[in-house]
Amino acid sequence: MTDFTPTEMMTIAAARALKNDDVCFVGIGAPSAACNVARLTHAPDITLIYESGTIGTAPDVLPLSIGDGELCETALCTVSVPEMFRYWLMGGRISIGFLGAAQLDRFGNINTTVIGDYAHPKVRLPGGGGAPEIATSCGEIFITLKQATRSMVDKIDFYTSFGHGEGGDHRRRLGITTKGPTLLITDLAIWRPDPESKEFTVTSLHRGVTRQQVQENCGWPVRFAAHVEETPEPTELELATLRDLQARTAAAHEGRA
Amino acid sequence: MTDFTPTEMMTIAAARALKNDDVCFVGIGAPSAACNVARLTHAPDITLIYESGTIGTAPDVLPLSIGDGELCETALCTVSVPEMFRYWLMGGRISIGFLGAAQLDRFGNINTTVIGDYAHPKVRLPGGGGAPEIATSCGEIFITLKQATRSMVDKIDFYTSFGHGEGGDHRRRLGITTKGPTLLITDLAIWRPDPESKEFTVTSLHRGVTRQQVQENCGWPVRFAAHVEETPEPTELELATLRDLQARTAAAHEGRA
Amino acid sequence: MAAFLSLHDAVARNLHDGDVVAFEGFTHLIPHAAAHEAIRQGIKELTLLRMTPDIVYDQMIGMGLARKVVFSYAGNPGVGLLRRMRDAIENSYPRAIETVEHSHSAMAQAYEAGASGLPCAVFRGYKGAGLPKVNPTIKTVICPFTGEELAAIPAHRPDVTFIHAQKASEKGDVLIEGIIGVQKEAALAARRVVVTVEEVVPSFKGLHPNLTILPHWTVDAIAVVPGGAHPSYTYGYYERDNAAYLEWDRISADREAFAAWMTENVLRVGPEVFAGRVEALR
Amino acid sequence: MAAFLSLHDAVARNLHDGDVVAFEGFTHLIPHAAAHEAIRQGIKELTLLRMTPDIVYDQMIGMGLARKVVFSYAGNPGVGLLRRMRDAIENSYPRAIETVEHSHSAMAQAYEAGASGLPCAVFRGYKGAGLPKVNPTIKTVICPFTGEELAAIPAHRPDVTFIHAQKASEKGDVLIEGIIGVQKEAALAARRVVVTVEEVVPSFKGLHPNLTILPHWTVDAIAVVPGGAHPSYTYGYYERDNAAYLEWDRISADREAFAAWMTENVLRVGPEVFAGRVEALR
């Protein structure tokens, strides 16, 4: 088995979590790579939707933006953005929403808005885009993130999107009927929320990763499941598919188109 | 000048009221004939919209329904019915709305819903369709009606669509910002609302029609303008255009397509 | 996921006594074949949603399938009244029906709200109109910014929506073209969706990207029924049978003539007859 | 009615100091040429509406045209941050700007409500999110049927909306294809509409009936600017210049580099340069 990077492991582990009949609201970056690896391996019929309005898209190259031309050219159809958010997201048609994070807390609450105070931010980040409603309208939420104490924090500076809030039944108390974050995949481990507290708990470590590494790269005291598994290594097919995809993508984006 | 029927006069007088830059929400029957005669004579650029979603349609034959295929085939574009009512009607894009009536009162309030009590009607009529919002969303409303004491009544049995209510500034008091009924064209005369009371007042009699005839075929005491004109007769072109249109239409609808 | 079924099975598996059901199609693409199948199967106590009940509901009401009708224009478009529906409302024949009446704008927006997963539609409407006085489901909300009173009605959420469309792909995606009406919204608002189509094509590759398509995962059952919209029409396939609409005025005017017509043209036949009915209209 | 004008005149006649303006296009069809013309004309004190401010507003903000920005995602799509906008927010350079921040869903629905002539958009959103705490224009209404608390925000009603489209007909009708975004809504919500197009064709006869078209009577001015979306793209004409988006990250990182780039590539040139910029992308 050839070697692989932690980021490749993260992307492939995320791809594995997707099912053939999922309808997936895809973000840019790792989510986009994971969704397309899934489509090119075990989930050929997965429906990928980008918030630009492209439904059932199958890009040969990963888009740089969520609105690249190839998304439309390969989609079953392309709808207006108001329709995308009204009929498809708010309408409850999406089974899986993928989110990344600048800051994440143990309950899956995400900040991509500001570092520091909102009115006088230390760093003004891009903001939520579709995330506030993706987080509450999709059947469940998968989060991918490279671990760092800077990004996995005890308290996020801004609630860009709501995960499990303070944990427990906080979603239900707000009248939110969807599951919220059910999976966190980092470059080191796979995490799932505790059934009761909803705090993310490590359920699987990637090959060669120690509990100490996970803790050193997380800003809160990490909880580990009673039985922690080892994440199966990427297969030849998974790795080849991801690397081919990324090679095609790099070639396409660096040259002028 | 060849002779003409009162209904032909009514349709042609209605056609004359339409301008080349009007955007007209068209109903079936006399309004549809009038709008298309206008388009085929003095208003070639008029935009005709049917509530089926066809925008800028130019049928060669009058549709039997508001959704006949030719409306779509000759339209600039065809939108969904929710879009038609949201962006185009509610959005205030329509300058003229054409309405017919089963019952009409002197203030342009219309009933096409029931004769008798709503819960236990003597006659259950089709109802409003688009009329309730056409009457309040279009810039102004034109009404065409064949006069009869049965249809031009002192009090309508049901307010299917709102005209000037009890008259005066009743529309403004309800927060309605559009003009409402500004023209009533019957087979006998042309009526316009009094500037103050908003009661329909005869401003022009069709050729050979007497004031007595107008009164005998109206269920309320008719008011006549200080100066009542005679409606100019249909021109050769107007009459020929209308009759050709109706001949083509009859041929198309009687045979199976 | 879309299953390709016979019309009999598509209806039997998805439409049940007491359901709230929409057979939509705005003049164009009215799913008559599916309605006839429902009549043959004798489904009862239905709540029928449809902007224009049209001949399709005149027949279902006349055959006693409906307990309630939610509508906005109960006419035979361009012809006149719906005589079976009138008979039910005016004389409770063959049974009394409850009616909930809206405007077209309200009905269209109630489907749109249903498709959007919202509990209600909020819009500017009904000002000065009589319907709010006789329809208790018409309420108001106040705009928190301008203080304007806006109309609000419950979103439509049918148990099942039936539509007719031009094409399905082999995967079960559905294409609707021409006067698209409220079908996309009526389908996305429903718990179950049944579509009759003129034909099945291998795929929709190469079509314009912005057409009206229902992905296969939004559709429950597809039945191929050429001519299945007759006497309504299918843009690109056959024209509206306007003569049949005119003729319906006569048939529906008499209870016995209606019963005889339904027996001969609905109860004693199957969906295969529709192809023949549109032959002269292609 | 649509007037065919030079881009200079289309902007000069329709965009004024202090206007609320939307330059829309969701990644696709971003009207860069029109924005550059506004920069050359030195229009001031603008309130800029746009879901994704993107490079187009990074440039306008960096050149000091904006007093306020209403937005939902202030990133360089797929690349990173908008450094000129950040500099304005974090350091008030070149001037302080007011920001009003929404979610994509809210922004899209605010345009949709504006196109529908409504005072506000009502939707299910912002549950548990932080934005309602920092954006006082996010309020709530209660569904009169279920009691659910729904989000409400004011409808967008720009003084003027700028969009780029593939084609205009000689009458001035405008066709938008591919990723259509919110352009139809942004245009119909606005008091004035200015469209740059790749080309003018005699008419739209023979097109599919259900395409996204703005009739000529909804458009105020049309300017023909081939390549006018660059570095965004025009479906069917040229591809997105992803390299330029990557390069912008470097240019915009430095105030002097930005100023020099704008002088050379915007202030000292005219709309005719856009055709050349997309040559290699066709």
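Throughout, protein chains are lettered first and strands after them, A, B, ... in sequence-line order, and every chain is numbered starting at 1. Scope of the values below: all heavy atoms of this structure, side chains included, with no hydrogens, waters or symmetry mates.
Aromatic pair A:Phe142/A:Phe98: ring centres closer than 6.0 Å. Separation of the C:Phe274 and C:His164 ring centroids does not fall under the 6.0 Å cut-off.
Heavy atoms of C:Lys205 lying under 4.5 Å from chain A are absent altogether. For chain A, the nearby part of C:Leu118 is the side chain; its heavy atoms alone come within less than 4.5 Å. With a 4.5 angstrom heavy-atom cutoff, C:Ala187 touches chain A only via backbone atoms. Both the backbone and the side chain of C:Leu188 have a heavy atom closer than 4.5 Å to some heavy atom of chain A. Interface residue C:Thr218: backbone and side-chain heavy atoms are both found under 4.5 Å from chain A. Contacts between A:Thr74 and chain C at a heavy-atom distance below 4.5 Å are absent for every atom of the residue. At a 4.5 Å heavy-atom cutoff, A:Glu73 makes no contact with chain C through either its backbone or its side chain. Proximity to chain C involves both the backbone and the side chain of A:Leu76, based on heavy atoms less than 4.5 angstrom apart. Interface remark: C:Asn210 contributes backbone and side-chain atoms alike to the contact with chain A (heavy atom separation under 4.5 Å).
Atom CZ of C:Arg282 has more than 12 heavy atoms from other residues, nucleotides or ligands within 6.0 Å. Summarising the local packing, CD of C:Glu149 is surrounded by 12 or fewer heavy atoms from other residues, nucleotides or ligands at distances under 6.0 Å. Shown here is A:Glu196, whose CD atom has no more than 12 heavy atoms of other residues, nucleotides or ligands within 6.0 Å.
A salt bridge links C:Lys127 with C:Glu148: at least one charged nitrogen is closer than 4.0 Å to a carboxylate oxygen.
Among the candidates A:Thr47, A:Thr54, A:Asp21, the residue making the largest number of heavy-atom pairs closer than 4.5 Å to chain C is A:Thr47.
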Show your working on side-chain hydrogen bond (donor to acceptor under 3.5 Å, both in side chains) between C:Glu112 and C:His156 and close with a plain yes or no. CA-CA 8 Å; C:Glu112 202 274 355; C:His156 287 336; over 6 Å; no

